[in-house]
Amino acid sequence: MQPVSPISRDRSTSSPTRAAPRRLGRDFSRFWTAQATSAFGAQIGDLALPLLAVLPLGASAGEVGLLAVLRWLPFLLLALPLGVLVDRRRRRPLLVGADMARAILTGMIVVLAVCGVLNLLLLGVVVFCVGIFTVLFEVSYQSYLPAVVGRPALERANGRLQATASAAQVGGPGLAGLLVQALGAPWAVLAHALTYGASALALIGIRTREESPAPTGRRFWRDLVDGLNVVRADPILVSLAGFSGIYNLFAQWIMVLFTVHAVRDLGLDAGGVGLVLSLGAVGAVLGALAAPRAVRHCGAGVVLVSCAVAECLALAVLPILDPTVPQLVIISALVAAFAVNGAGTALSSVVALTIRQLRTPDRVLGRVNATLRWLTYGTVAVGAGLGGLAGELWGTRFGIAIGCSGLLLVVLWVALSPLRSVRDPQSLDVTEAPAATSAAPHG
């Protein structure tokens, strides 16, 4: 499950904004292709790596949790300094370099497994290194998009990107489960590595001219603190950070235990787990596609509050499933739960990311994205560790139940925050001139 970011605002004071172009342009198509292949590969890896740890390497719930901690720990350690780097460099080369590095590192897992020397320690080291470049990609990707499509088109572009990421959730886990069953987990990981390479090639083809940022003349750490201060001074960004941070902590807590619980307690095989996640992801596709219309008809605040309720309550089904009932019933219930959860997280992600990008001037967008990634994805590492510990102490079923109880704090946070009163995301546009110009028309 991919962590989510929330958002909010007020329409009454909005000023007119120029209309978004009807077509997003060929460069966006290349950007979209890169994101699609990377997202599809990430979904394969999200299932293949835990199954690689559980099946051939015999990892326990605590060890699976530790593996997830290593994957997300770079967001806690490196998001802030990498945000400064993103604001001081052209962003496309950083994206290409991050993809190529991840392709090579992920391929190393396959080589180690084929050579018979892979163990949990080596797997954890490589996963941590991949996580470093994932941080760089995530911060650069969200900061580069406004230069590719222009700020007025962000909601539509983010909707398409999120819908594609959600569509990858439909096919990715199912394919991963089949690959693990038919060929073994390492070959599923190889497919993951190849998608990173394909993403890098698509990004190389983008023709948007991106100017090098002007030197600030200030110390590195001063620029880093500036990003923190921008977020701290804005109650909307603080509200978004809380929404995402609380949700991501407990959602990761639950998902770390779910793979182990599904295989060992509910009796699902690798293909069954992949089938559940794939069918459940249909809800995420529908949620992402519905985002622009939902915001127009209901307002961003209503959408965010509704999503918080839906995505949190849906997962409460997981710990109450009885392993003695027929597997068809178990699979159907799990698919329904993940479908509702996916619809809520995808819809709120589109709204949240759009508002964050509109709310932030381009000159500090990298640092603001990095700060929010540090706050919200950093909690994923904490949640993974706590979830794994809970599974070791009390078992996976009770551990998941505790995580579901913690998710209720998300609903309380959103209901009491300024997010509930937001109407039109475009009212938050800081209307700063874009930092890059396009060599080709965006339609």
Side-chain angles (χ1 to χ4, degrees), residues 1-5 24 26-49 71-72 74-75 79 82 86 91-110 126-149 157-176 179 188-206 208 277-278 281 284-285 288 342 345-346 349-350 353 366 369-370 373 377 380:
M1 175 183 300
Q2 196 72 359
V4 179
S5 291
L24 295 174
R26 284 174 293 184
D27 275 350
F28 175 73
S29 296
R30 297 182 180 103
F31 188 92
W32 194 1
T33 299
Q35 182 260 1
T37 54
S38 182
F40 198 92
Q43 289 302 317
I44 295 175
D46 282 351
L47 183 59
L49 287 172
R71 176 187 172 189
W72 295 103
F75 282 93
L82 287 178
V86 168
R91 289 154 184 172
R92 190 185 63 151
L94 296 177
L95 288 167
V96 174
D99 263 341
M100 293 304 296
R102 291 190 294 177
I104 294 170
L105 288 166
T106 308
M108 285 178 56
I109 296 176
V110 183
V126 177
V127 164
F128 178 81
C129 293
V130 171
I132 294 173
F133 292 99
T134 297
V135 177
L136 178 60
F137 185 91
E138 286 287 328
V139 175
S140 303
Y141 148 76
Q142 294 184 349
S143 304
Y144 184 49
L145 180 61
V148 176
V149 301
N158 281 321
R160 293 188 185 183
L161 293 171
Q162 183 62 50
T164 306
S166 301
Q169 294 175 357
V170 177
L175 178 59
L179 287 173
V189 176
L190 177 61
H192 185 194
L194 293 175
T195 60
Y196 285 140
S199 174
L201 291 176
L203 289 167
I204 289 172
I206 292 177
T208 296
L277 296 178
S278 292
V285 177
T345 55
S349 289
V350 172
L353 180 54
N369 281 331
R373 278 291 184 256
Y377 275 24
V380 176

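- When the ring pair (Phe, Tyr, Trp, His ring centres under 6.0 Å) test is applied to Phe133, no partner is found at least two apart in sequence or on another chain.
- Identified under the salt bridge (charged side-chain N to carboxylate O under 4.0 Å, His left out) test for residues 30-39, with sequence neighbours left out: Asp27-Arg30.
- In this structure, the side chain of Arg92 engages the main chain of Ile204 through a donor-acceptor pair within 3.5 Å.
- Residues Ser140 and Leu95 come closest through the heavy atom pair CB-CD2, 3.6 Å.
- A pairwise comparison of heavy atoms in Ser38 and Tyr196 identifies OG-CE2, 3.9 Å as the closest pair.
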Validation: residues 97-104 side-chain donor-acceptor distances under 3.5 Å, sequence neighbours left out:
{"from": "Asp99", "atom 1": "OD1", "to": "Arg102", "atom 2": "NH2", "distance (Å)": "2.8"}
{"from": "Asp99", "atom 1": "OD2", "to": "Ser199", "atom 2": "OG", "distance (Å)": "2.5"}
{"from": "Arg102", "atom 1": "NH1", "to": "Thr134", "atom 2": "OG1", "distance (Å)": "3.3"}

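- Interatomic distance, CG of Leu94 versus CZ of Phe137, reported as 11.0 Å (0.5 Å rounding).
- Residues Ala193 and Gly107 share a closest heavy-atom pair of CB-N, 3.7 Å.
- Between Val126 and Thr106, every side-chain heavy-atom pair lies at or beyond the 4.5 Å cut-off.
- In this structure, Leu190 CG and Ile44 CD1 are separated by 10.0 Å, a value rounded to the nearest 0.5 Å.
- Annotation: side chain to side chain contact (heavy atoms under 4.5 Å, CB included) contacts of Ala202 (sequence neighbours excluded): Thr33, Ala34.
- Residues meeting the side chain to side chain contact (heavy atoms under 4.5 Å, CB included) test with Thr195, sequence neighbours left out: His192.
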**Item:** Stepwise side-chain contact (heavy atoms from CB on, under 4.5 Å) check, Val130 with Ile109
**Value:** CA-CA 11 Å; Val130 171; Ile109 296 176; 5.6 Å; no
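- Note on ring orientation: taking the six-membered ring where Trp is involved, the planes of Phe31 and Tyr141 are parallel (angle under 30°, cut-offs 30° and 60°).
- For the residue pair Ala284 and Ala346, the shortest heavy atom distance occurs at O-CB, 3.2 Å.
- For the residue pair Arg160 and Trp32, the shortest heavy atom distance occurs at O-NE1, 3.6 Å.
- In this structure, Leu161 CG and Leu145 CG are separated by 6.0 Å, a value rounded to the nearest 0.5 Å.
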